[in-house]
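The structure under discussion appears below in the form of structure tokens.
This is a predicted model, so every value here is computed, not measured.
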Amino acid sequence: SDIIKSWISDKPLDINRKLTLRRLLRDYEHQLLFGRKAKHAMANGKEMYMFGGVEEHIPKDRDHYLSYKPSTLNWTGLAEFGKEVFEVGGSAERFCFCGYSLHAKLIAMFYNSGLLQIDPEASKEFKMDVLALHVTGGKINIVPTRTLELNGYSMRGFCLDLSVPAYTPVTNKGWDMRVL
């Protein structure tokens with residue numbers, strides 16, 4: 001036990017707390033993105049209410065499910081795609097939550113071009129480097145998320161206008177779920 005103490009300074013209970021918090025945050029992020037609104041009766045007779053996620057609230061039509069048309073990732077295609085994103089309406093700033101694979105491709109393509117820049121305000125808000133891409137119609141902030149990567153959205157993303165509150169999770173006082 002003395003050898004283990006020399007490797008790391010954290011106590012096992014502290015490590016367990018950190019890992020549990022990471023798992024809780026990952027589960028919460030998954031629920032925010034992919035959750036389905038539902039009501040479920042538990043074995044003890046209590047009812048559990050689940051709130052819907054972002055994917056559930058996106059209208060299932062061609063105006064809201066956009067596809068990047070060129071076969072390869074290039075600046076001309078992104079400029080045209082930006083026009084489609086901003087034609088939906090809303091503000092001139094979107095946040096694109098995407099998988100790690102898409103994020104890596106964008107970095108590889110535009111890193112030295114000056115077209116992809118770190119947005120200091122968004123980076124401060126998300127506590128990570130958030131890249132901004134100025135396309136036709138406005139600015140798209142690119143936020144990579146592991147949850148999308150793990151759920152088959154590695155080369156797709158949710159492009160959201162965070163200036164318009166589309167929905168908020170419904171919570172009731174005294175219930176298990178709390179948004180801090």
Side-chain angles (χ1 to χ4, degrees), residues 22 24-38 50-171 177 179:
R22 277 189 193 170
L24 175 70
L25 291 174
R26 186 193 66 220
D27 291 347
Y28 185 65
E29 181 180 5
H30 186 274
Q31 183 67 22
L32 283 172
L33 292 171
F34 300 109
R36 296 280 181 240
K37 196 178 286 189
M50 308 287 276
F51 62 88
V54 170
E55 185 183 44
E56 186 178 63
H57 288 87
I58 298 172
K60 310 290 188 266
D61 58 18
R62 287 184 185 186
D63 293 336
H64 293 88
Y65 274 80
L66 306 175
S67 295
Y68 180 78
K69 292 174 184 51
S71 59
T72 60
L73 192 60
N74 59 51
W75 174 244
T76 308
L78 276 177
E80 287 294 320
F81 187 67
K83 183 179 80 170
E84 289 182 45
V85 168
F86 289 102
E87 280 180 345
V88 176
S91 71
E93 182 177 23
R94 298 287 195 279
F95 285 83
C96 180
F97 297 92
C98 64
Y100 288 164
S101 299
L102 178 58
H103 186 257
K105 283 203 183 264
L106 288 169
I107 288 174
M109 175 136 234
F110 299 114
Y111 188 71
N112 291 326
S113 68
L115 297 170
L116 197 61
Q117 302 167 351
I118 294 176
D119 185 332
E121 288 180 26
S123 296
K124 186 177 179 183
E125 184 179 339
F126 284 92
K127 296 180 181 163
M128 62 187 288
D129 286 343
V130 174
L131 301 170
L133 189 62
H134 294 272
V135 295
T136 306
K139 177 173 83 167
I140 298 177
N141 293 308
I142 301 157
V143 183
T145 173
R146 187 168 184 255
T147 302
L148 287 171
E149 184 74 25
L150 294 176
N151 286 284
Y153 284 72
S154 59
M155 292 300 291
R156 294 189 282 174
F158 294 126
C159 212
L160 306 174
D161 184 356
L162 298 183
S163 70
V164 180
Y167 76 99
T168 54
V170 178
T171 59
M177 193 193 101
V179 179

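Remark: S163 pairs with S91, D161 by the side-chain hydrogen bond (donor to acceptor under 3.5 Å, both in side chains) rule, at least two apart or across chains. Residues passing the ring pair (Phe, Tyr, Trp, His ring centres under 6.0 Å) test with F95 are F126, sequence neighbours excluded. With sequence neighbours excluded, no residue forms a side-chain hydrogen bond (donor to acceptor under 3.5 Å, both in side chains) with D63. Under the side chain to side chain contact (heavy atoms under 4.5 Å, CB included) criterion, P120 pairs with no residue at all, not counting sequence neighbours. Take E29 and apply the salt bridge (charged side-chain N to carboxylate O under 4.0 Å, His left out) test, not counting sequence neighbours, and it matches no residue. With sequence neighbours excluded, the residues forming a side chain to side chain contact (heavy atoms under 4.5 Å, CB included) with S113 are F110, L115, listed by chain and number. Considering only residues two or more places apart in sequence or on other chains, S154 meets the side-chain hydrogen bond (donor to acceptor under 3.5 Å, both in side chains) condition with none of them.
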Pair up each side-chain donor or acceptor in residues 76-83 with any protein partner under 3.5 Å, not counting sequence neighbours, and list the distances.
none

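N151 CG to L33 CG: the interatomic distance, rounded to the nearest 0.5 Å, is 8.5 Å. Interatomic distance, CZ of R26 versus OG1 of T147, reported as 8.0 Å (0.5 Å rounding). Rounding to the nearest 0.5 Å gives a distance of 11.0 Å between CG of L131 and SG of C96. With rounding to the nearest 0.5 angstrom, the SG atom of C159 is 12.0 Å from the NE2 atom of H64. Taking CD from E121 and CD from E93, the interatomic distance works out to 8.0 Å, rounded to the nearest 0.5 Å.
Among residues at least two apart or in separate chains, side-chain hydrogen bond (donor to acceptor under 3.5 Å, both in side chains) pairs with a member in residues 94-107 are S101-E149. A salt bridge (Lys or Arg N to Asp or Glu O under 4.0 Å) check over residues 51-60, counting only residues at least two apart or in different chains, returns the pairs R36-E55. Among residue pairs with one or both ends in residues 124-138, none qualify as side-chain hydrogen bond (donor to acceptor under 3.5 Å, both in side chains); sequence neighbours excluded.
Checking each of D119, L116, V130, L102 against I142 for a side chain to side chain contact (heavy atoms under 4.5 Å, CB included) leaves exactly one that passes, namely L116.
For I58 against Y65, the heavy-atom pair with the smallest separation is CG2-CE1, 3.8 Å. Across Y68 and N74, no two heavy atoms sit closer than the pair OH-N, 3.0 Å.
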- Applying side chain to side chain contact (heavy atoms under 4.5 Å, CB included), run through R156 and L148 and close with a yes or a no. CA-CA 8 Å; R156 294 189 282 174; L148 287 171; over 6 Å; no

- Evaluation steps, side chain to side chain contact (heavy atoms under 4.5 Å, CB included), between V135 and F86: CA-CA 9 Å; V135 295; F86 289 102; 3.9 Å; yes

- List the steps, then state whether ring-ring contact (aromatic ring centres under 6.0 Å, His included) holds for Y153 with F158. CA-CA 9 Å; Y153 284 72; F158 294 126; 5.6 Å; yes

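Judged purely by distance below 3.5 Å, without hydrogens or angles, the side chains of D27 and H30 never pair a donor atom with an acceptor atom.
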